[in-house]
Amino acid sequence: MLTVTLPDGSTRDYQQPVSVAEIARSIGSGLAKAALAGRVDDELVDISHVVDGDAAVAIITDRDADGLEILRHSCAHLMAQAVQRLFPEAQVTIGPVIADGFYYDFAYNRPFTPEDLSAIEKTMQEIVKEDLIVEREVLERDDAVKLFRDMGERYKVEIIESIPSNEPLSFYRQGDFIDLCRGPHVPSTGKFKAFKLTSVAGAYWRGDSSRETLQRIYGTAWPNSKELRLHLLRLEEAEKRDHRKLGKHLGLFHFQEEAPGMVFWHPKGWTIYQVIQSYMKKVQDENGYLEINTPQLVDFSLWEKSGHAAKFSEEMFTVESDNRQYAIKPMNCPCHVQVFNQGLKSYRDLPMRLAEFGSCHRYEPSGSMHGLMRVRNFVQDDGHIFCSEEQIQSEVADFMQLLFKVYRDFGFNDVLLRLSTRPSKRVGADELWDQAEDALRQALDATGLDWELVPGEGAFYGPKIEYSLRDCMGRLQQCGTMQVDFFTAERLGARYVAEDNSRRIPVMLHRAALGSFERFIGVLIEHYGGALPAWLAPVQAVIMNITDNQANYCRKVEESLKNKGFRVVLDLRNEKIGFKIREHTMQKTPYLLVAGDREAQSGTVSVRKRGGEDLGTMTLDAFCGHLGDDVAEYGRTSSDSALQQQVGT
RNA sequence: GCUCGCAUAGCUCAGGAGGUAGAGCACUUCAUUGGUAAUGAAGAGGUCUCCGGUUCGACUCCGGAUGUGAGCACCA
C-alpha cells in the first residue's frame, strides 16, 4: 500500500508499486497519452519509472517547462538516430537542450549541407511514424565503454571514460539507436509533433579550440505546429530588427573594409550617440563623478606594469615611434590610476570617482566581430572608484541605483544580475579574492533582487557583477559591469594616507553602466526596432508642406522648434504629402507635422505619429508641450515593473 | 583564430555551357502644387571585392587574400 500525492493536493492509494504511466492512466486516458515524464519527489523520471513508496508525483506533459525541455532533449536523440541512419559513419558526441531547441554535434568527414538537413528532417519524421519505444538501460561503466568501443563511437567512449568508474550509467535505446544520457526521455518517438532543423555550424570537440571541429546541427522543437510557427515568426521579427540592417536603412552608421570592426558614425547615428553621452554626463555629475580624459597612446611599459600585457598583448594594437613602443589603449584603468597618483591623496579624498568616455582599441578575433555589438574600437562609459575597503559596499550599492535608473530611462525594466568569481588564471592572493567576492555577494544580497553565480568567469584582477538587460525580444544583453580590484592600484603604486598616517592601497572599483556606446546603441536599435523614443530619436519631428504656398510658414515652424531645442527637419520637396508621410514613417521619425493652407492661416500644425496615430491639429505651443512631455518621459515604460518595486525607486 | 557559406549599380537583389550584365528603389532632368504610407516621363549610373592560375577569351572555373554571415572559441 502506497500513497501518491498529486500536485493539486489530492491523494491516491495503490496496492503495489506503480509506474508513473500507470498513475497517469488511473487519472485519465487523455493525461496518459500526453504524459512525457514524471516528477517524483522533485526528481524528473521516465514514465516507466516505478514508484514504490509514498511520494509526491506530478505527470509532466509538453505544457510543462520541464516537459518541453525533455521533448527537446529527446528530439536531439531523434535527430542523432536519423543522422546515423543516413550517414552511418557519422559519430555521435553530445546533444544538449538550448533556449528554444537543441543541437547535436557529430564527427563526420564533411560538413552537412542544407540538403542534408531536409533529408535528416524527413528521416526524423519517419522515425516518429515508427513510434519506437524509448527504453532506459543501466550499464556498468566498463560494459558501456566496451559497447561503444565496439560500435566505433570513440567520442562517446571518451565521455564515458571521463565519468568516475563507480557510477552506474544510464542509456536510452530507441530501435537500433542507443545513447548515453541521464534522461528522462519521452516514452516513444511518436511523441514529437513539431520540430525543425534550423542550421549547421562547426563547433569544437569539448569546446576546446585546440581540438577537432565537429559538425553541429541546430534544431527547434515545440509542443505543436502553431507554437513552432510562432517561434519561426519571432526569428523573422528579430531579423527585421537587426541593428546592422536598420543602421543602414536609417542612415545611422556604416562599416567598411579599410577599418574592420570600427564604426563610421553618420549624422543621425552620431546624434543618438551624443544624446546618450550628454545624458550619461549629467547622471555622472549628479552622482559625484569627476570626468577626465586620458591619452590614446601610452608606452607599452605601463601595460606591462598593470599586468594587461601579460594576458592581452596579442590583442593590443601597437604603434612604434622614435624607437618607443606604444599601445593604443585597450582600456582606461591604468590611465585613471595615473591621474589618481598625481598629488598625495588622503583618506579624506576617498571615494574618488573618476569617469571617462574612453575610446579603446582591442584587436578582437576576426570571427568575434558583430556589427556594433563587438567592435575593435569602442567608447566605454568607464569609471573607476578609488575607495577604502569599508566603502566598497556602499559604492557598489550606489552604483546599482544609478544603473537601474539609467536602464529604466532607456526603457529596460528587466535586469539580470550575475556574479562572476575568480578565474583559474588570475593575480593576487586567495584571501583578497575571498574578500572581494564577499563584498560583491553582500552588495547583491542587499538589493533583494535575485542573482546568479557564474564561477570562474571573473576578470584576472578581480570578481565582477555583470548586468544584463532583457530586451523586448526576451534576449539578454550584457551591458553594465562592477568589478572589485585589489591588485591594479597596488601594481601601479597608488597609495593614500590613512587616518593613522599610514600609507594604504586604495581599492579600485571598475564600473560601466552602458558598457560601450557602440554596443548599447546596437541594443537600443534592436530593442526599439529602430523606432527610438522621442528623447533619443535623431530627428524628433519633420515639418512637411503640402504646396509651395506654406514653405515660409514651415520654415518659421522649424525655427521656432529648433529654438526650443528640438531636433527637427524640414521637408519642402515637391512631392505629394502621402509620399512624404510614407518616407518619414519608414525612417521612424516620431512626429510628422503637416502644414497646408489651413494650418498656415491658423498658426497650427497637423500632427501624426509614426505609428499612424492622428493627434489632430494643434497650435505650435500645444505641440511643443506635447513633444516636451514626451522627451521628458525618456524611455520609461510600465511604472509597475517588478524591478522598480524591488529597488523602491 | 576555427568550420562552412557569401561578395554583381548608392540600397535590395536577379542573371548567365566561360563570349565584359539586368530589375525595383534611390539619384539627375522635365512635367505636375497634389491634404496623411509610393504622380508621371526621360536620363545617368558597373574594372561583377582584390591578387594569381587555367583558357583564344574569366564576373562565371581553380587557388589565395580581404571583408562579411551563422555557429564555435575568445572577450581586460
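Everything numeric in this text was worked out from a predicted model, so none of it was measured. Just so it is clear: chains get the letters A, B, ... in the order the sequence lines come, proteins before strands, and each one is counted from 1.
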Inset, instruction - Sort and list the pairs that fulfil salt bridge (charged side-chain N to carboxylate O under 4.0 Å, His left out) and have at least one residue in residues 576-602 of chain A, not counting sequence neighbours. - result: A:Arg573-A:Glu583
Inset, instruction - Mind calculating the distance between NZ (A:Lys588) and P (B:A37) to the nearest angstrom? - result: 16 Å
Inset, instruction - Give, ordered by number, those residues of residues 597-607 of chain A having at least one heavy-atom distance below 4.0 Å to an atom of RNA chain B; if nothing qualifies, reply none. - result: A:Asp597, A:Arg598, A:Glu599, A:Ser606
Inset, instruction - Report which part of the nucleic acid A:Ile546 touches: base, sugar-phosphate, or nothing (heavy-atom distance under 4.0 Å, all strands). - result: base
Legend entry - Pairwise P distance for B:U60 and B:G53, with rounding to whole Å: 14 Å
Legend entry - salt bridge (charged side-chain N to carboxylate O under 4.0 Å, His left out) contacts touching residues 509-528 of chain A (sequence neighbours left out): A:Arg475-A:Glu526
Legend entry - Between B:C50 and B:G67 - P atom distance, rounded Å: 16 Å
Inset, instruction - Determine whether the aromatic ring centres of A:Phe106 and A:Tyr104 lie less than 6.0 Å apart. - result: yes
Legend entry - Of A:Gln587, A:His243, A:Met586, the residue whose pairing with A:Leu250 passes side-chain contact (heavy atoms from CB on, under 4.5 Å): A:Gln587
Inset, instruction - Check the pair A:Tyr467, A:Tyr407 against ring pair (Phe, Tyr, Trp, His ring centres under 6.0 Å), reporting the backbone distance first and the verdict last. - result: CA-CA 10 Å; A:Tyr467 303 87; A:Tyr407 288 172; 7.1 Å; no
Inset, instruction - Working to the nearest 0.5 Å, report the span between CZ of A:Phe112 and OG of A:Ser199. - result: 13.0 Å
Inset, instruction - Could you tell me whether A:Glu237 and A:Lys240 make a salt bridge, using a distance below 4.0 angstrom between a side-chain N and a carboxylate O? - result: yes
Legend entry - A:Glu257 CD to B:C51 P, straight-line distance once rounded to whole Å: 12 Å
Inset, instruction - Starting from P on B:U68, measure out to CG on A:Leu372 and report it in whole angstrom. - result: 13 Å
Legend entry - Distance, rounded to the nearest Å, where A:Glu115 contributes CD and B:C4 contributes P: 16 Å
Legend entry - Carboxylate-amine/guanidinium contact A:Glu212 A:Arg154, below 4.0 Å: yes
Inset, instruction - Provide, to the nearest angstrom, the distance between the CD atom belonging to A:Gln256 and the C1' atom belonging to B:G67. - result: 11 Å
Inset, instruction - Could you pull out all residues at least two apart from A:Tyr218 that satisfy side chain to side chain donor-acceptor pair (under 3.5 Å)? - result: A:Arg216
Inset, instruction - Please report, rounded to the nearest Å, how far the P atom of B:A31 is from the NZ atom of A:Lys576. - result: 17 Å
Legend entry - Pairwise C1' distance, B:C48 and B:C61 [rounded to whole Å]: 16 Å
Legend entry - Sequence neighbours excluded, every pair satisfying salt bridge (charged side-chain N to carboxylate O under 4.0 Å, His left out) that has a member inside residues 296-314 of chain A: A:Asp299-A:Arg324
Inset, instruction - Please state the P separation for the pair B:G52 and B:G57 - nearest whole angstrom. - result: 15 Å
N/O to N/O distances under 3.5 Å, protein versus nucleotides 42-48 of chain B:
none

Inset, instruction - Kindly write out the residues that satisfy ring-ring contact (aromatic ring centres under 6.0 Å, His included) with A:Phe623, not counting sequence neighbours, or none if the list is empty. - result: A:Tyr591
Using atom names, set out every protein N or O paired with an N or O of nucleotides 25-28 of chain B below 3.5 Å, distance rounded to 0.1 Å.
none

Legend entry - Passing option when A:Arg353 is tested against A:His384, A:Gln284, A:Glu395 for side chain to side chain donor-acceptor pair (under 3.5 Å): A:Glu395
Legend entry - Lys/Arg N to Asp/Glu carboxylate O, A:Asp630 vs A:Lys609, below 4.0 Å: no
Inset, instruction - Give the B/S/- string for nucleotides 70-76 of chain B, one per nucleotide from 5' to 3', where a protein heavy atom under 4.0 Å of the base yields B, of only the sugar-phosphate yields S, and otherwise -. - result: SBBBBBB
Legend entry - Between B:U66 and B:A37 - C1' atom distance, rounded Å: 41 Å
Inset, instruction - Specify the separation, in whole Å, of atom NZ of A:Lys609 and atom C1' of B:U36. - result: 16 Å
Legend entry - For A:Glu258, all residues meeting side chain to side chain donor-acceptor pair (under 3.5 Å), sequence neighbours excluded: A:Gln256
Inset, instruction - Measure the spacing between CG of A:Leu252 and CD1 of A:Ile272 and express it to the nearest 0.5 Å. - result: 4.5 Å
Inset, instruction - Indicate, yes or no, whether a donor-acceptor pair under 3.5 Å links the base of B:U33 to the side chain of A:Asp548. - result: yes
Legend entry - Salt-bridge criterion met for A:Asp242 and A:Lys248 (N-O under 4.0 Å): no
Would you tabulate the nitrogen or oxygen pairs shorter than 3.5 Å linking the protein to nucleotides 12-14 of chain B?
residue	atom	partner	partner atom	Å
B:U12	OP1	A:Lys248	NZ	3.2

Legend entry - Separation of A:Phe340 CZ from A:Met508 CE (nearest 0.5 Å): 9.5 Å
Inset, instruction - Let me see the working for A:Thr294 and A:Glu356 under side-chain hydrogen bond (donor to acceptor under 3.5 Å, both in side chains), right down to the final yes or no. - result: CA-CA 8 Å; A:Thr294 61; A:Glu356 177 175 6; 2.8 Å; yes
Inset, instruction - With heavy atoms under 4.0 Å as the rule, sort A:Gly596 into base, sugar-phosphate or nothing. - result: base
Inset, instruction - Nearest whole angstrom, please: distance from the P of B:A31 to the CD of A:Glu575. - result: 14 Å
Legend entry - Pairing annotation in dot-bracket form, given for RNA chain B with Watson-Crick or G-U pairs under 3.5 Å and | for cross-strand partners: (((((((..((((.....[..)))).(((((.......))))).....(((((..]....))))))))))))....
Inset, instruction - Report yes if the side chains of A:Leu354 and A:Tyr289 come closer than 4.5 Å at any heavy-atom pair, otherwise no. - result: no
Legend entry - Within 6.0 Å of NZ in A:Lys556, more than 12 heavy atoms from elsewhere: no
Legend entry - Between B:A9 and B:A23 - C1' atom distance, rounded Å: 11 Å
